Amino acid sequence: MSRILTALVLFALAAGTAAPAQAEPVVRIDDPNFSPLPIALAVPKGSTEPENDMGRKINEVVSNNLSRSGLFRTLDPATFIQRDGSEATAPQFSSWKSIGAQTLVTGRVFLRTNGDVRVEARVWDVSSGQQLLGRAFETRTNNWRRLAHKLSDAIYERITGEKGYFDTRVVYISEQGPAIKRVKRLAIMDQDGANNRFLTDGKNLVLTPRFSPSAQEITFLEYVNGRPRVYIMHIDTGRREIVGDFPGMTFAPRFSPDGNQIIMTLETGGNSEIYTMDLRTRTVKRLTNNPAIDTSPSFSPDGKRITFNSDRSGRQKIYVMNADGTGVTRISNRPGRYATPVWSPRGDLIAFTKMQGGTFYIGVMRPDGEGERILTRGFLAEGPTWAPNGRVLMYFKQSRGGQAQLYTIDLTGRNERQVPTPSGASDPAWSPLLVR
Amino acid sequence: MRTRAVIALIAIAIFSVGCSYDKKEPENNTRATDTSRPNPKVSWSDFTNSSRNGYSDRVFFAFDQHDLDTGARGTVEAWAAWLKAHDGARILVEGHCDERGTREYNLALGARRANAIRDYLIALGVPATRIRTVSYGKERPAVAGADEEAWAKNRRGVAKPSGSGS
């Protein structure tokens, strides 16, 4: 195993007390009466000052992750009664109970001579004193943020019974300068806004980046010599290549769920149609054939169906078709213009942008068009992207005359939060859970 | 600066000649230049210089529409005349949208607008090989502002000469 690529090594920790046989979720987050779970995050304890520093930094990232999710209420460390480090080995549950904690996380942190950091974390049910989870995480010290995200995911998964989404990244378009001279750059960051990095220099206009299923590449639109075409960039090397050789504008690209195809729009003579290109064989296939605008295609997670945007009825509406282009069905049947459909990674919902009466909305509907729910609205709100667990959406939003910014919201419509970025930001795309 | 001034003077001189040549009847208007129309033989920048009563380098569209109204057709007809007077000239037609649509749809809509202009130029006899189109969607507004006045100015098709002869 390459030490550079191996981000994290995980170990199961033996339970301090009898662990439950089955890891039942602690809270039911889809309960309409759900309220955020009060959780106490004790700072992982070290035996040297650098170790305790590291413990504090990791604790801060975990705390930020869990509270931003809206499912947890992280308790103020100033209220902690047991905070001399003894909680790391012997939590006094009555004292944690008295400050209102339902769940307690404790841990120990070690900085090893080989440059690794190790955290041994335990999640406790305060009322019973039972250990819900014991796990160790180890990685290179400069990779500590990912360790904190993995720990956050472990806590989230144990408590909610759902997959986490904290060890992920976001690609987006960074926006700088006034509207008529806007500079747009491809940027990538951790889902919490840390480790922001620019992937292009702003000379060329770039738009709509999306991750490959491996999270190693992105596909996006770039104007090279004034010609808008779809490109693929390998994130680590920065190497990029054009997708296909088409006579007109190619745009609105996404990867297929298996990563083998790009689905996108090709415009010729003013008519936009949806195409796929196989990245191995270079085979190009046209899926739509209609004088209307057909664009913004997105595969279902099983790769069998495609949702897309078309104005073939006279206005922008959302459609679903089979992966071979047959069986086109309109699914949005309410008034208003509907756009940017994106299939949930769980397959159960399609997120969209809706425009009606001068307002933009972000919402979700089932793939049969039923069950439409609006989650948020704004002067401009556009381009939802799913967290890999299908519970949280990110999108961009702009007030009248304001700057576009990224936001997240829970699928329930609760907990809208701005994602910190160095400047204006649009076109976010959420990565799958990172593997390496 | 000096060369630019000289070019401008020459351009004005050519333009004036064109005006006097074009004038066919006495004008009631005391300012003769107000009613004169640009000569297609002048440079593109003079032909489309609105401060000298030239044709516009742009046409405008209604919300979510791409058809050319009477005024827009008149402007495109002038572009065709200019292109016919400049054998080697090529033209780039940009299609633009206001910010009240989604990004990808607007890229497609901008392409429709640019191609509506292209199709009309071809119908007027301009060879297709001399026209290139590009859509910028809502990415390159002409004016800042978040009201209908600004949006109306941003829903546009813009012609730019490219290649030799311009």
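Fair warning: this is a prediction, and the values are worked out from it, not measured in the lab. Atom set for the values below is all heavy atoms of this structure, side chains included, hydrogens, waters and symmetry mates excluded. Naming convention: chains lettered A, B, ... in sequence-line order (proteins, then strands); numbering from 1 in each chain.
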Pairs of heavy atoms under 4.5 Å with chain A: top-ranked of [options]:
{"options": "B/Ala116, B/Gly137, B/Ala114, B/Gly101", "value": "B/Gly101"}
{"options": "B/Leu107, B/Thr102, B/Val143, B/Val134", "value": "B/Thr102"}
{"options": "B/Gly110, B/Ala150, B/Ala108, B/Gly95", "value": "B/Ala108"}
{"options": "B/Arg100, B/Arg140, B/His66, B/Arg113", "value": "B/Arg100"}
{"options": "B/Gly145, B/Ala144, B/Pro141", "value": "B/Pro141"}

Worksheet item: What heavy-atom pair brings A/Ala339 and A/Gln316 nearest, and what distance separates the two atoms?
Response: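 Closest approach of A/Ala339 to A/Gln316, heavy atoms only: CB-NE2, 3.4 Å.
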Practice prompt. Might you point out which heavy atoms bring B/Trp82 and B/Val42 nearest each other, and give the distance in Å?
Written response: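 Taking B/Trp82 first and B/Val42 second, the nearest heavy atoms are NE1-O, 2.9 Å.
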Practice prompt. Check whether A/Phe308 gets within reach of chain B through its side chain, its backbone, both or neither, counting any heavy atom under 4.5 Å.
Written response: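 Neither part, no heavy atoms under 4.5 Å.
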Fill in: Region of A/Tyr223 in contact with chain B, defined by heavy-atom distances below 4.5 Å
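Only the side chain of A/Tyr223 comes within 4.5 Å of chain B.
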Worksheet item: Considering only heavy atoms, which portion of B/Asp119 lies under 4.5 Å from any heavy atom of chain A: side chain, backbone, both, or neither?
Response: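 Neither the backbone nor the side chain of B/Asp119 comes within 4.5 Å of chain A.
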Fill in: Which atoms of B/Ala142 approach chain A - backbone, side chain, both or neither, heavy atom under 4.5 Å
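For B/Ala142, the contact with chain A is made by the backbone alone.
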Does this structure show an ion pair linking [X] with [Y], if we count only N-O contacts that are shorter than 4.0 Å?
{"X": "A/Glu222", "Y": "A/Lys203", "value": "no"}
{"X": "A/Asp311", "Y": "A/Lys317", "value": "no"}
{"X": "B/Arg112", "Y": "B/Asp67", "value": "no"}
{"X": "B/Glu77", "Y": "B/Arg73", "value": "no"}
{"X": "B/Glu94", "Y": "B/Arg58", "value": "no"}
{"X": "A/Glu273", "Y": "A/Arg286", "value": "no"}

Give the member of [options] that has the highest number of heavy-atom pairs under 4.5 Å with chain B.
{"options": "A/Glu267, A/Lys181, A/Arg182", "value": "A/Glu267"}
{"options": "A/Asp294, A/Asn271, A/Asp427", "value": "A/Asp427"}
{"options": "A/Thr340, A/Thr295, A/Leu221, A/Leu205", "value": "A/Leu205"}
{"options": "A/Gly226, A/Ser310, A/Gly269, A/Pro178", "value": "A/Gly269"}
{"options": "A/Arg337, A/Met249, A/Met355", "value": "A/Arg337"}
{"options": "A/Arg210, A/Gln398, A/Arg315", "value": "A/Arg210"}

Worksheet item: Are A/Glu372 and A/Val364 side-chain neighbours, meaning at least one heavy-atom pair lies under 4.5 Å?
Response: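 Side chain of A/Glu372 against side chain of A/Val364, heavy atoms only: no contact under 4.5 Å found.
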Worksheet item: Quick one: CG on B/Leu83 to CH2 on B/Trp44, what's the gap to the nearest 0.5 Å?
Response: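 Reported value, rounded in 0.5 Å steps: 6.5 Å.
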